[in-house]
Amino acid sequence: MSGDSAYAVAPFDHPKADVILRSSDNIDFRIFKLFLSLASPFFETLFDIPQPAQESDHQEIKDGLVVIPVTEDSKTVDSLLRFCYPCTLADDPKLEVLKVAAGVLEAARKYSLDAIEIKARQAISNPKILEAEPLRCFAIAHRGRLRAETLLAARYTLTQPLVPSWFQEIELITAADLLSLLTYHRRCGDAVYALKFDLSWITSHYTNLLACTWLSHYDSSYNERHCRCPRADMSSYVLFNMNPPQWWVDFMEEAFPKLQHKPCKATVQACSEKAVRNVKAGSCRGCAPKVAEEMRDFSDLFVRKIEKIVSQVNRPTEIPQRA
């Protein structure tokens with residue numbers, strides 16, 4: 001029992017409520033049994049049990065209402081109840097904070113709130129949350145035996161370093177789980193790095209030298225090549241029998257090692273933006289005016305190829321399916 005509890009905000013402070021739920025951080029929610037009974041067979045059964053009319057050592061009564069303590073904190077209880085209440089009384093909460101979404105997911109399962117569990121699963125699959133907290137999403141989904149959500153989160157972890165730093169939910173997974181994830185990450189990095197040794201994905205897309213304008217900057221109207229950038233003397237990067245400009249080789253040489261650690265779109269974009277800045281600083285009249293547009297086109301091709309390669313790598317498989 002607690003004498004330090006405070007009432008929740010509207011609509012969970014209604015004077016005609018018929019029961020109180022007390023969160024783990026001592027916030028009292030005055031609610032209507034009917035709404036929870038309709039949403040959850042767990043609460044329907046709980047409220048069918050006769051409640052004592054008098055306070056005892058085992059049952060607190062506050063303002064004439066039975067107090068039912070729950071293990072969830074007030075943020076989780078508030079979100080859970082808003083899903084249970086009619087929309088005329090409370091809007092559905094936006095589960096945009098991962099900790100709250102995870103708490104709602106666990107509570108929804110505990111109290112047999114199937115419709116709310118679906119909403120919580122959708123929240124931890126939200127790209128906005130996945131982009132910000134992919135490792136935490138992976139751990140939460142894996143712990144919850146949510147196979148589809150776990151595999152999706154694993155894909156998003158490729159935006160993180162190969163060896164991750166500590167994250168809040170790391171205790172939710174085993175060392176074997178983490179090793180499986182890191183192995184998947186390494187395989188993706190290795191598969192993407194292999195693109196460096198076979199540039200057919202470039203030549204098959206552009207088909208000829210004139211289509212590959214960033215390579216030659218050849219102007220057919222004047223029958224001359226405007227680019228005066230130094231040419232790289234590296235046979236591994238020769239395309240259409242032409243040595244590419246050194247700045248493009250520098251871009252590729254920087255991108256591939258980084259992609260081995262972070263095989264994702266963001267890595268290509270960062271390296272591309274750096275290459276564009278360097279070319280513009282060099283003031284080549286052939287490359288500088290169009291390099292941003294042309295590198296954007298090439299980066300799109302690069303990213304599509306990376307995503308295709310990554311999609312073919314087997315993701316972590318040791319994920320128990322929820323019964």
Side-chain angles (χ1 to χ4, degrees), residues 71-73 75-76 79-80 83 92-193 259-267 303-323:
T71 58
E72 292 73 28
D73 64 24
K75 288 185 178 180
T76 301
S79 296
L80 205 67
F83 279 124
D92 283 356
K94 294 180 180 180
L95 300 180
E96 296 178 339
V97 177
L98 182 57
K99 183 178 180 180
V100 175
V104 170
L105 173 63
E106 186 173 347
R109 287 184 163 185
K110 176 181 177 181
Y111 300 123
S112 302
L113 294 159
D114 295 342
I116 299 175
E117 179 185 343
I118 292 173
K119 292 181 181 294
R121 291 176 67 167
Q122 291 171 343
I124 63 174
S125 298
N126 184 328
K128 182 178 178 180
I129 291 180
L130 280 167
E131 289 170 4
E133 306 279 5
L135 288 164
R136 294 179 66 197
C137 288
F138 175 85
I140 291 167
H142 194 288
R143 172 67 174 268
R145 299 187 177 187
L146 305 176
R147 185 173 181 81
E149 289 81 358
T150 302
L151 295 178
L152 179 61
R155 179 73 174 266
Y156 273 83
T157 64
L158 299 178
T159 63
Q160 305 298 302
L162 176 59
V163 180
S165 56
W166 182 90
F167 56 96
Q168 190 171 343
E169 283 77 13
I170 195 170
E171 293 91 351
L172 298 181
I173 57 177
T174 66
D177 298 332
L178 184 57
L179 178 61
S180 177
L181 179 64
L182 298 183
T183 300
Y184 162 71
H185 195 135
R186 180 182 57 78
R187 287 174 177 169
C188 288
D190 290 347
V192 170
Y193 191 80
L259 284 167
Q260 202 163 16
H261 291 278
K262 292 184 180 180
C264 63
K265 178 180 180 179
T267 302
V303 169
R304 289 196 301 272
K305 188 62 178 180
I306 289 170
E307 291 178 345
K308 181 178 180 180
I309 291 292
V310 167
S311 70
Q312 295 169 347
V313 177
N314 291 329
R315 283 177 276 186
T317 56
E318 298 302 317
I319 306 168
Q321 184 74 40
R322 187 187 178 206

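All values reported here derive from a predicted model rather than from experimental measurement.
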task: Report the residues that fulfil side-chain contact (heavy atoms from CB on, under 4.5 Å) with Lys110, sequence neighbours left out, ordered by chain and then residue number.
output: Thr71, Glu72
query: Is the side chain of Ser125 donor-acceptor paired with the backbone N or O of Arg121 at a distance under 3.5 Å, no angle test?
result: yes
- prompt: Heavy atoms, side chains only, cut-off 4.5 Å: are Ile116 and Leu80 in contact?
  reply: yes
Closest non-hydrogen atom pair between Leu181 and Ala154, with its separation: CD1-CB, 3.9 Å
query: Would you find a donor on one side and an acceptor on the other, under 3.5 Å apart, between the side chain of Thr267 and the backbone of Lys262?
result: yes
- line: Taken in chain and number order and not counting sequence neighbours, the residues that satisfy side chain to side chain donor-acceptor pair (under 3.5 Å) with Gln260 are Asp190
- prompt: Are any of the side-chain heavy atoms of Pro134 and Arg155 separated by less than 4.5 Å?
  reply: no
message: Quick one about Thr76 and Asp73 (side-chain donor to acceptor, distance below 3.5 Å, no hydrogens or angles considered), yes or no?
response: yes
task: Indicate the atoms forming the closest heavy-atom contact of Ala120 with Ala101, along with that distance.
output: CB-O, 3.9 Å
field: For Val313, side-chain contact (heavy atoms from CB on, under 4.5 Å) partners two or more places apart
entry: Tyr184, Arg187, Cys188, Ala191
- request: Sequence neighbours left out, what passes side-chain contact (heavy atoms from CB on, under 4.5 Å) with Leu162? Give chain and number order.
  value: His185, Arg186, His261
field: ring-ring contact (aromatic ring centres under 6.0 Å, His included) partners of residues 152-174, not counting sequence neighbours, each pair once
entry: none
query: Is any side-chain heavy atom of Ile173 less than 4.5 Å from a side-chain heavy atom of Arg143?
result: no
- prompt: With sequence neighbours left out, what residues match Thr157 under side chain to side chain donor-acceptor pair (under 3.5 Å)?
  reply: none
query: Nearest 0.5 Å, what's the CG-CG distance between Leu130 and Leu135?
result: 11.0 Å
- prompt: Are any side-chain N or O atoms of Ser79 and backbone N or O atoms of Lys75, one a donor and one an acceptor, separated by less than 3.5 Å?
  reply: yes
- request: Could you list the residues that satisfy side chain to side chain donor-acceptor pair (under 3.5 Å) with Ser112, not counting sequence neighbours?
  value: none
query: Does any non-hydrogen side-chain atom of Tyr193 lie less than 4.5 Å from one of Leu259?
result: no
- prompt: How far does CD of Glu149 sit from CG of Leu105, to the nearest 0.5 angstrom?
  reply: 8.5 Å
query: Under a 4.5 Å cut-off applied to non-hydrogen side-chain atoms, are Lys308 and Gln312 in contact?
result: yes
message: So, taking the atom named CD1 in Ile124 and the one named SG in Cys137, what distance separates them when rounded to the nearest 0.5 Å?
response: 6.5 Å
- prompt: Quick one: ring-ring contact (aromatic ring centres under 6.0 Å, His included) pairs with a partner in residues 104-123, sequence neighbours left out?
  reply: Phe42-Tyr111, Phe43-Tyr111
- request: State, yes or no, whether a side-chain contact exists between Glu106 and Glu117 at a heavy-atom distance under 4.5 Å.
  value: no
message: For Ile118, give me all partners under side-chain contact (heavy atoms from CB on, under 4.5 Å), at least two apart in sequence or on another chain.
response: Gln122
message: For the CD1 atom of Ile129 and the CG atom of Leu95, what is their distance to the nearest 0.5 Å?
response: 7.5 Å
field: All pairs passing salt bridge (charged side-chain N to carboxylate O under 4.0 Å, His left out) where residues 122-137 contributes a residue, at least two apart
entry: Glu133-Arg136, Arg136-Glu169
message: List the residues meeting side chain to side chain donor-acceptor pair (under 3.5 Å) with Lys99, not counting sequence neighbours, and say none if there are none.
response: none
message: When you compare the side chain of Leu146 with that of Ile140, does any pair of heavy atoms fall below 4.5 Å?
response: no
Euclidean distance, Phe138 CZ relative to Asp177 CG, rounded to 0.5 Å: 6.0 Å
